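In what follows, chains carry the letters A, B, and so on, assigned in the order in which the sequence lines appear, proteins first and then strands, with residues in each chain numbered from 1. All figures in this text were calculated on a predicted structure; none of them were measured in a lab.
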Amino acid sequence: MDFNKILTHWYSVNKRDLPWRQTKNPYHIWLSEIIMQQTQIKQGLPYYETFVSNYPSVFHLANADEQDVLKLWQGLGYYSRARNLHASAKYISNELNGEFPTSYQEMLKLKGVGDYTASAISSISFDEAHAVVDGNVYRVLSRYFGIPTPINSTAGIKEFKLLATQLLDTKNPGDYNQAVMEFGATQCKPKNPYCIVCPLKDSCVALQKGIVGELPVKIKKIKVTKKQFNFLVFISEDKKTVFEQRTSKGIWQNLYQFPLIESETEIPLKSFKSHPSVLDYFKTLDYSFSVFNPKPIVHKLSHQHLYAKFWIIEVKRLETEGIPISEVKNYPTPVLISNFIDAFGF
DNA sequence: AAAACGGGGAG
DNA sequence: CTCCCAGTTTT
């Protein structure tokens, strides 16, 4: 039996029962693929259920406010996925009369849909012969064929895509694509793969060479920058606070947060009022303050380590409009902020 | 070609 | 701690 046959059979026996495997509806497949990008099934599954339930059709999603879409996405990360999902829903609704694109080429025109996602949807929903290459596929192919080309190099991306395309079961591209991914996710795992009982063990190059643990090869190490985030949690006598939307490029775009002062170093409690950035921010405002967490909360992102302090600023009245404290929980926020809101008891 | 983009889970 | 996750977009 060949690679293709073995994997397809393995899949028919071992596949997990996932909700998006009950349908070929491209809208639902699209939702599942966007949600699962760079996300483990366990983490993304409840979000898929929420989105299908709240937005049964592309029209429901298109007619929603972005703020509501981001609120449902809260906690999942990579928020550009939610913004692009919403923008693409509006495009499908308005420009395509609500009809989801039926080809790989047309799907690539959707924001947030790249080669992987277009291949996945077109093969699963429309039986188009496009091979998916995700993290699982890179791992399975590099090991089985003993390919040391770095998977995140230009040459590697090209080489693995070509190989995956040659291996594709063109009669059944959707199931085959899912078979390789499922095999990589649950059998040919990054750590401690089940090589002893692997249906491909007799022909796996990496296993025979004893280099399973060294593949796939990945280059580039990301450099992490550290930042000090000082959030100003205003509380007025009429129980209002200030909540702002992040409109700039960078992390958490379009999500909400308390007014933020970034500082080069941690601001000690004693020198808060006299800190240059704080002085500049408050100017002449009369306030009293305390710090919610004397030790910074460490919030780790892939490219940044944030050291956050929440400063409670009590004032008689706000200088800006502000919102009732009871409403902050209705806004989409980063996990760092929602954790604080829960802990503080807003 | 490289960097940016979240948050959680596994070992 | 490091690495990885049903990747895409921007620089």
Side-chain angles (χ1 to χ4, degrees), chain A residues 11 15-16 18-21 29-48 70 73-85 87-88 107-121 123-124 131-140 150-158 160-161 164 174 176-186 188-193 213-225 227 246 248-255 298-306 332-339:
Chain A
Y11 180 64
K15 67 178 175 185
R16 290 168 288 184
L18 301 172
W20 50 88
R21 288 186 175 151
I29 301 299
W30 174 51
L31 281 180
S32 75
E33 294 298 343
I34 301 298
I35 288 171
M36 296 306 158
Q37 286 170 6
Q38 293 294 285
T39 303
Q40 298 191 175
I41 301 291
K42 191 188 304 177
Q43 186 187 7
L45 189 52
Y47 286 83
Y48 174 80
L70 285 171
W73 201 273
Q74 181 175 302
L76 195 55
Y78 284 159
Y79 296 93
S80 66
R81 289 183 293 168
R83 298 192 304 269
N84 288 334
L85 185 77
S88 291
M107 291 175 198
L108 278 181
K109 296 177 181 173
L110 303 178
K111 285 183 180 176
V113 173
D115 176 71
Y116 163 79
T117 304
S119 297
I121 304 172
S123 66
I124 294 170
V132 298
V133 185
D134 74 334
N136 294 304
V137 177
Y138 279 121
R139 183 168 55 256
V140 172
I151 61 173
N152 53 353
S153 64
T154 302
I157 293 168
K158 193 175 173 185
F160 283 98
K161 177 71 180 184
Y176 171 75
N177 277 335
Q178 295 186 81
V180 186
M181 292 192 285
E182 186 81 340
F183 184 75
T186 67
C188 193
K189 302 179 298 176
K191 305 291 183 185
N192 305 321
E214 297 161 42
L215 295 175
V217 174
K218 214 168 179 178
I219 52 172
K220 302 167 193 168
K221 48 211 175 273
I222 59 178
K223 86 167 210 274
V224 178
T225 60
K227 289 183 176 175
R246 292 181 67 98
S248 59
K249 297 283 186 183
I251 60 171
W252 302 334
Q253 192 180 353
N254 292 8
L255 272 62
V298 183
H299 190 74
K300 295 181 177 178
L301 309 179
S302 51
H303 288 72
Q304 299 180 41
H305 286 184
L306 308 178
T333 70
V335 165
L336 176 60
I337 301 297
S338 62
N339 282 348

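- Salt bridge present: A/Arg21 and A/Glu182 bring a charged side-chain N and a carboxylate O closer than 4.0 Å.
- When rounded to the nearest whole Å, the span between CD1 of A/Ile251 and P of B/dC5 equals 7 Å.
- Spacing between C/dA6 and B/dA4 at atom P, rounded to whole Å, works out to 24 Å.
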A/Ser302 vs A/Gln38, side chain to side chain contact (heavy atoms under 4.5 Å, CB included): CA-CA, chis, key distance, verdict: CA-CA 12 Å; A/Ser302 51; A/Gln38 293 294 285; over 6 Å; no
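- Regarding A/Asn254, its CG atom lies at a distance of 11 Å from the P atom of B/dG6, rounded to whole Å.
- Within 4.0 Å (heavy atoms only), A/Gly44 reaches no atom of the nucleic acid at all.
- When the side-chain nitrogen and oxygen atoms of A/Trp73 are compared with OP1 and OP2 of B/dC5, none of them lie within a distance under 4.0 Å.
- For A/Gln304 and B/dG6, the shortest distance from a side-chain N or O to OP1 or OP2 is not below 4.0 Å.
- Here the nucleotide nearest the side chain of A/Lys189, chosen from B/dA10, B/dG11, B/dG6, is B/dG11.
- Protein atom CG of A/Asn152 is 15 Å distant from nucleotide atom P of B/dA4, rounded to whole Å.
- By the ring pair (Phe, Tyr, Trp, His ring centres under 6.0 Å) test, A/Trp252 pairs with no residue at all, sequence neighbours left out.
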Where protein sits on nucleotides 1-11 of chain C, one letter per nucleotide: B base, S sugar-phosphate only, - none, heavy atoms under 4.0 Å: S--SBBBSS--
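- Checked against the 6.0 Å centroid criterion, the rings of A/Tyr47 and A/Trp73 do not qualify as a close aromatic pair.
- Summarising the geometry, the separation between CG on A/Leu45 and P on B/dG9 is reported as 13 Å, rounded to the nearest angstrom.
- Checking the phosphate oxygens (OP1, OP2) of B/dG7, a side-chain nitrogen or oxygen of A/His299 falls inside 4.0 Å.
- Residue whose closest nucleotide on DNA chain B sits further toward the 5' end, between A/Thr225 and A/Leu255: A/Thr225.
- Inter-residue side-chain proximity for A/Ile34 and A/Trp30 is flagged as met; some heavy-atom pair is nearer than 4.5 Å.
- Here the CG-CE distance, from A/Asp115 to A/Met107, works out to 12.5 Å after rounding to the nearest 0.5 Å.
- Taking atom P on both nucleotides, B/dG6 is separated from C/dT11 by 14 Å, rounded to a whole Å.
- A/Leu76 comes within 4.0 angstrom of a nucleotide base, judged by non-hydrogen atoms across all strands.
- Side-chain atoms of A/Arg83 and A/Gln253 include a donor-acceptor pair closer than 3.5 Å.
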